[in-house]
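The structure appears below as structure tokens.
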Amino acid sequence: MYNKENIFYKILKSELPAKVIYENEIALSFYDINPACKVHALVITKGLYSNFDDFASNASPKMVKDFFETVSRVANILGLSQTGYRIISNIGPNSGQEVEHFHMHILGGEPLKKTLL
Ligand code: AMP
């Protein structure tokens with residue numbers, strides 16, 4: 001169940017500012033306010049999905065494809081495609097998901113620490 005009381009919903013509605021990187025009909029990308037590495041971007045859906053499971057179960061196959069193409073495009077815009085990058089999506093309490101609106105993290109711009117993976 002999607003709860004509109006979250007920061008990314010407010011960013012989508014332009015009620016909060018964001019440093020936008022890229023936008024299309026289905027997604028919005030902006031810089032993470034608290035970067036975990038040199039380049040840390042987020043890509044959020046414009047559709048209201050609370051996490052990856054919700055998105056994978058309820059979005060159309062075309063939407064899922066277009067969203068992941070958008071993530072790849074943003075990485076390219078940021079100049080990360082050649083040097084490599086990591087994508088992450090946190091789902092639920094054990095992951096530490098803070099914002100309950102589906103989003104992917106894009107991390108790169110420098111060699112990334114190996115944490116769990
Ligand atoms: P997650 O823990 O996967 O839900 O990630 C949420 C991310 O959103 C964290 O990395 C936060 O630093 C980031 N964040 C929280 N508020 C904002 C904001 N107003 N603008 C940009 N990023 C934010």
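For reference, positions follow the sequence shown, starting with 1. Computation of the quantities below employed the complete heavy-atom set of this structure, encompassing side-chain atoms and omitting hydrogens, waters and symmetry-equivalent molecules. All ligand and atom numbering here is 1-based and tracks the order in the structure.
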Closest non-hydrogen atoms of Asp66 and Thr70, given as atom of the first, atom of the second and distance, are O-OG1, 2.7 Å
So the atoms of ligand 1 within less than 4.0 Å of a heavy atom of Asn34 turn out to be 12 (O)
Any donor and acceptor pair, going by atom type alone, linking the side chain of Lys46 with main-chain N or O of Asn24 inside 3.5 Å? yes
For Gly96, the ligand 1 atoms with a heavy-atom partner under 4.0 Å come out as 2 (O)
Atom 10 (O) of ligand 1: closest protein heavy atom, distance to 0.1 Å, is Asp32 OD2, 2.5 Å
The closest protein heavy-atom partner of atom 2 (O) of ligand 1 is Glu98 N, 3.1 Å
In terms of heavy-atom contacts, Ser72 and Tyr85 come closest through CA-OH, 4.1 Å
query: Considering distance alone, does some N or O of Val99 sit under 3.5 Å from an N or O of ligand 1?
result: yes
- Are Val20 and Val43 linked, directly or through other ILVMFWY residues, by side chains that come within less than 4.5 angstrom of each other? no
Checking the side chain of Ser89 only, and the main-chain atoms of His103 only, is there a donor and an acceptor separated by less than 3.5 Å? yes
the protein heavy atom lying closest to atom 8 (O) of ligand 1 turns out to be Phe8 CZ, 3.3 Å
Gln97 heavy atoms within 4.0 Å reach ligand 1 at atoms 2 (O), 4 (O)
Correct closest heavy-atom pair for Leu80 and Gly109 would be CD2-N, 3.5 Å
**Prompt:** Is there a donor-acceptor pair closer than 3.5 Å between any side-chain N or O of Glu23 and the backbone N or O of Leu28?
**Reply:** no
Test ring-ring contact (aromatic ring centres under 6.0 Å, His included), reference His101, set Phe52, Tyr2, Tyr9, output is Tyr2
Atom 15 (C) of ligand 1: closest protein heavy atom, distance to 0.1 Å, is Ile33 CG2, 4.0 Å
Counting from 1 in the order shown, the ligand 1 atoms closer than 4.0 Å to a non-hydrogen atom of His105 are 1 (P), 3 (O), 5 (O), 7 (C), 10 (O)
Distance-only N or O hit between ligand 1 and Asn90, under 3.5 Å = yes
Within 4.0 Å of some non-hydrogen atom of Leu42, the atoms of ligand 1 are 8 (O), 22 (N)
Closer than 3.5 angstrom, by distance alone: can the side chain of Gln97 be matched with the main-chain N or O of Gly92 as a donor-acceptor pair? yes
In ligand 1, the atoms that come under 4.0 Å of a heavy atom of Phe30 are 21 (C)
> Going by heavy atoms, is Leu16 under 4.0 Å from ligand 1?
Replying inline: no
Quiz item: Under 30°, 30 to 60°, or over 60°: which ring-plane class applies to Phe55 and Phe67, parallel, tilted or perpendicular?
Solution: perpendicular
(Q) Please confirm whether His103 approaches ligand 1 to less than 4.0 Å, judged on its heavy atoms. (A) yes
For atom 19 (N) of ligand 1, the closest protein heavy atom turns out to be Ile7 CG2, 3.6 Å
In terms of heavy-atom contacts, Ile21 and Ala41 come closest through CD1-CB, 3.6 Å
So for Ile88 against ligand 1, with non-hydrogen atoms under 4.0 Å, the contacting part is neither
Return yes when Glu100 approaches ligand 1 closer than 4.0 angstrom through a heavy atom, no otherwise. no
For Tyr31, the ligand 1 atoms with a heavy-atom partner under 4.0 Å come out as 21 (C)
